[in-house]
Structure formats: C-alpha cells, structure tokens
There are 2 protein chains.
Amino acid sequence: MANKISDERKKEIIEGFYQLSVQNGLENTSIAKIGKHLGMPPSLIMHYFPTREILISNLISHILDQYLMIYEPVIRELETKNYADPNTFVDSLFSRDWNMLFDDGVFYSCYSLIFRNDRIKKEYRLLHDKLRESLKDILDRDDNFAGKDTDLLAEQIFVVVEGAYYYLSMIDDENVYNRKLEAYKSQVYDLLRKYEVQHL
Amino acid sequence: MANKISDERKKEIIEGFYQLSVQNGLENTSIAKIGKHLGMPPSLIMHYFPTREILISNLISHILDQYLMIYEPVIRELETKNYADPNTFVDSLFSRDWNMLFDDGVFYSCYSLIFRNDRIKKEYRLLHDKLRESLKDILDRDDNFAGKDTDLLAEQIFVVVEGAYYYLSMIDDENVYNRKLEAYKSQVYDLLRKYEVQHL
DNA sequence: TATAATATTGAACGGATGTTCAATTTATGA
DNA sequence: TCATAAATTGAACATCCGTTCAATATTATA
C-alpha cells in the first residue's frame, strides 16, 4: 500500500500490453502502441518499465499467473473433496472454457522465448512444476492411488494435456476438434485407470 | 531447371534467415540483417520475396520440410521391415539426435503464428497429419496391430511425443531430463502394449 | 551478335522503433 | 502550508524497419 498509484499503473500497462498482444501478436506490439491504446506517452511506460525486456518479463509473469489462476478452481475443487471423480477432473482439464479466458497465441509466443532466455525458461519451469505438484498432492489424498507413483502419473497426465492443446490449436473443424478431444481425454482416463488400485 | 540462379538464391536467403533466427530469434531477424549476413543488398532479398510475410511463409515451409526430413529415416526404416521392434522405434522418436539438427526455438516461434495466420495454421496441420498417417501405415503393416484402431494409436503416440518435447525444452539439468525422457518413453511403450494383440 | 530477360546494385523513402531528458503537474508527509 | 518525492508530459534522438525505384551488370535466347 506504499505505492498504490505506481502499482495500478504497472498493472494497467501490462494488461494493455497483453490485450494488444492478443489482437496483433506479441512481436507487433510496441511501447508506442501500448501508450496510444492507454492514452499515455511512451515515456511513462518506460518510467515504470525501464527497458522493453523488463516489460516483456513482466508480461510473462502476468500470463503465467493467469495460467495458474485458470487451473486453480479445478485444483481447489479436488482439494476440498477427499475423492473427486477422475472423469469430472479430466473434463475440467480439457474444458474448452479457458480457451475463452486465455490466449494460447501469446502463451506460445512467450514460451518460444525460453530458448534464448534462461530466466524466462526457469519461470515456465517453475509454473509447470507447481501444477504437477498440485496434481500429485490431490492424487496422494485419494485412496485409490495409495502406494502408487503419483509423481509419475501426474507427469504423464500433464504431458498428454500439453500435447493435446498443441494439436487442438491447429484444428478449425469442430467435428475433428471434438473427436481429437475425446481421444486425448480417454488417453488420460486410461492412465488413471492403469494406476488405480483394483477394487473388487 | 528453368531458373537455377533464382532457386539457389532463394534457398540461400531462406537458410540465412533460418541461421540468424536460431541465433537471435525470429522476431529479431530483419531483412537488412539477412542481407548483411549474406553480403547482398536488402533489395535483392525483396526481389525474390516481395514482402516480409512471404519471406516468413517460405521460412516456415523450409522448417517444416526439415522437420519432416528428420522423421523420414525412422519412418523409412520401419517401412522396409515388415515388423520393427517398437522399442527401437520409440527410442528413435525420442532420440536426442535431432535436437542438434533442428532448432526448437524457431519451430515454436513459427508455431505461435498459427493463431493469427490461417495459411500457416493449415501448413502445420498438414505436416502433422502426414506424420500421423505415416505412423498409422507402419502400424497397419504390423500383424500385432491387426484389426486395431491404429489411427487412434498413432494420434495418442504423437500427443505424448509433442507434450514430451514441450516439457523437455524447459529442462537444463541432465539427470532430470533423462528421468523425464524415460517416463515419456515408457508412456509410449505402454500405449503400444495396450494395443497389441495378445500372443500366447 | 543483337535483343530480351533476369540478376544485382545502391541510394533513398517515410514511418516506427526503443529510449532519453528536461520540464511540469500532482500527491505525500512533516 | 511548504518541501519533497512521485507521477506525468511532450519533444527529441539516433537507429532500424520494410519497401521502392531507377540504373547497371549479367545471363539466356533468337
């Protein structure tokens, strides 16, 4: 609460940056354009983010926070119940809902920066470690997976999820999209079933 | 063979573009820089590629061709034999070799363009359709998968492969890398085993 | 060899880029 | 209220961007 104006401006700038990046792409969004979009001179943007690199770095933190926020409702739902139906869980993971809330184009643009920037790489790694850890905790709380390698299971589930979004992003045709979606879903169902303790 | 000089120059320009993109990133590689790198004026580049958009489009075709070329030895090996050991096949798919031959950074940069360019999206889609189709053909030729949904199997294998490369690209630590690599490999082994006809 | 087509050059363009800076306005705290 | 700090402005910068164009050199064709 020390610098309230400062914090609000920073937030405003980053969100403006994000919005324009969704529309025109990260690489086509300049500081001048952000300024025009928000009705402020570029020099003000540079007052809060001294270089473009710092700006981008903050945009990435913002995006990764958003990404985490999208997962959170699913994770929290599973944390409250001691056992949640895997089907509903998988359905949430593959829900089309957060395609509306989150722009994959900007996400992959930022992802591609990990190959030349170790700090960004680390930030992406930490995000995914956190997600995997959350899932593992949930699985551990479930008796069906007692004594199983839930670390490995969580890892293998997320690999399918990421691969699925990679492929689904290429698909325009709704029927094809749904068919593929079901294929990837059942792939995760199978993983869960494979790991579950057999009840009689 | 009509325009040999033209074709060679085009190839030279695209490869120069690719090399600089590997070093500095796609978004930091300008026409002027390519010209300087190859010792030719930017106007010559624009003579062969009238706009930057066309240049990028050709770079993407080049990259997707290369991507296909990396898969080809594996695919051809499996085509010649009537039955190839799934293990060696999976090993090849996950071989670290083509990380040396192919730059994932440029690949993902180009991939992120699919979200705002339908032609690029289609080109990526066709590439992956082709790869999946090749794998399906190979599986179909194998008696162990007779009567099985090899289309689905191929799809699910590639989802794991793509997801795997997505995650592995974030890992620097060699031990962690290898551990994850094995997890993803065994995930594909499991898929193959699940689909195989049971022999006694 | 003459002619047409192609390849190559170098200069120039308007505009956009990230960044700097000094001046001014606004808010904060004593 | 007054001094100090923070927020904001607008102009200016060197440099790079993609692109254009007319002129020249080279090659292919008849």
Side-chain angles (χ1 to χ4, degrees), chain A residues 1-60 62 106 109-110 112-113 116-117 119-120, chain B residues 1-21 23-62 106 109-110 112-113 116-117 119-120:
Chain A
M1 52 188 68
N3 282 9
K4 240 180 55 176
I5 298 178
S6 166
D7 287 347
E8 271 181 27
R9 271 273 175 277
K10 283 184 183 177
K11 198 178 153 192
E12 185 190 1
I13 291 166
I14 292 296
E15 278 177 0
F17 189 7
Y18 174 70
Q19 283 168 26
L20 289 183
S21 297
V22 171
Q23 284 176 39
N24 313 319
L26 181 70
E27 69 280 12
N28 299 317
T29 304
S30 66
I31 293 167
K33 283 179 186 168
I34 302 169
K36 187 171 284 181
H37 177 66
L38 297 174
M40 64 176 69
S43 49
L44 186 57
I45 295 175
M46 305 231 51
H47 175 247
Y48 291 108
F49 304 99
T51 68
R52 182 179 158 81
E53 209 194 332
I54 293 173
L55 225 202
I56 290 182
S57 179
N58 278 74
L59 174 69
I60 287 172
H62 171 76
V106 182
S109 286
C110 293
S112 74
L113 299 177
R116 271 165 300 112
N117 185 319
R119 208 178 58 248
I120 295 174
Chain B
M1 53 188 69
N3 283 8
K4 239 179 57 175
I5 298 177
S6 166
D7 288 347
E8 270 182 27
R9 272 271 176 278
K10 283 184 183 177
K11 198 177 153 194
E12 184 189 2
I13 291 166
I14 293 297
E15 277 176 2
F17 190 8
Y18 174 71
Q19 284 168 26
L20 288 183
S21 296
Q23 284 176 37
N24 313 318
L26 181 69
E27 69 280 12
N28 299 316
T29 304
S30 67
I31 292 167
K33 282 177 186 168
I34 302 168
K36 187 171 282 178
H37 176 66
L38 297 174
M40 64 176 69
S43 49
L44 186 56
I45 295 174
M46 306 230 50
H47 175 248
Y48 290 109
F49 304 98
T51 67
R52 181 178 160 80
E53 211 195 330
I54 294 174
L55 223 201
I56 290 182
S57 178
N58 277 75
L59 175 68
I60 288 172
S61 301
H62 171 76
V106 182
S109 287
C110 292
S112 75
L113 299 177
R116 273 165 298 110
N117 186 319
R119 210 179 54 247
I120 295 174

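Chain identifiers are assigned alphabetically (A, B, ...) following the order of the sequence lines, protein sequences preceding nucleic acid strands; residue numbering begins at 1 within each chain. Atom set for the values below is all heavy atoms of this structure, side chains included, hydrogens, waters and symmetry mates excluded.
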What do the steps show when you test B:L26 against A:E27 for side-chain contact (heavy atoms from CB on, under 4.5 Å), and what is the final call?
CA-CA 10 Å; B:L26 181 69; A:E27 69 280 12; over 6 Å; no

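Between B:S43 and B:H47 the shortest side-chain heavy-atom distance does not fall below 4.5 Å. Within the 4.5 Å cutoff, the side chain of A:L38 has heavy atoms near those of the A:E12 side chain. For the pair B:N58 and B:K10, the minimum side-chain heavy-atom distance is 4.5 Å or more. You'll find the side chain of A:T29 stays beyond 4.5 Å of the side chain of A:Y18, heavy atoms only. Taking 4.5 Å as the limit, some side-chain heavy atom of A:F49 sits within range of a side-chain heavy atom of A:I14. By the 4.5 Å heavy-atom criterion applied to side chains, B:L55 and B:Y48 are not counted as neighbours.
At a threshold of 4.0 angstrom between heavy atoms, the contacts of A:K36 with the nucleic acid are absent.
Comparing D:dC17, C:dA7, C:dA11 against the side chain of B:I5 picks out C:dA7 as the nearest. Of all nucleotides listed (D:dT8, D:dC17, D:dT19), D:dT8 comes nearest to the side chain of A:R9. Minimum atom distance to the side chain of A:S30 is reached by C:dG18, of the listed C:dT9, C:dG18, D:dT9.
Spacing between atom CG of A:L38 and atom C1' of D:dT9 amounts to 15 Å, rounded to whole angstrom units. In this entry the distance linking CD1 of A:I13 with P of C:dG18 reads 14 Å, nearest Å. For the pair B:F17 CZ and D:dC17 P, the interatomic distance rounds to 12 Å; values are reported in whole Å. If you measure from atom CG of B:L44 to atom P of D:dT26, you get 14 Å, rounded to the nearest angstrom. In this entry the distance linking CD1 of A:I45 with P of C:dT20 reads 15 Å, nearest Å. At whole-Å resolution of the value, CE in A:M40 and C1' in C:dT25 are 16 Å apart. In this structure, A:E27 places its CD atom 12 Å from P of C:dT17, rounding to the nearest Å. Atom CG in A:N24 sits about 14 Å away from atom C1' in C:dA16, given to the nearest Å.
Within the structure, a side-chain polar atom (N or O) of A:K33 is placed less than 4.0 Å from OP1 or OP2 of C:dT17.
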Can you give the dot-bracket line for DNA chain D, where a pair is Watson-Crick or G-U wobble with both atom distances under 3.5 Å, crossing pairs use [ ], and | marks a partner on another strand?
||.|||||||||||||.|||||||||||||

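Using a distance-only test at 3.5 Å, with no hydrogens or angles considered, no donor-acceptor pair links the side chain of B:N117 to the main chain of B:L113.
A heavy atom closer than 4.0 Å to some atom of DNA chain D occurs in B:M46, B:T51, B:R52, these being the qualifying members of residues 46-53 of chain B.
Taking atom P in both D:dT8 and C:dG29, the straight-line distance is 16 Å, to the nearest Å.
In this structure, NZ on A:K33 lies 12.5 Å from NE2 on A:H37, to the nearest 0.5 angstrom.
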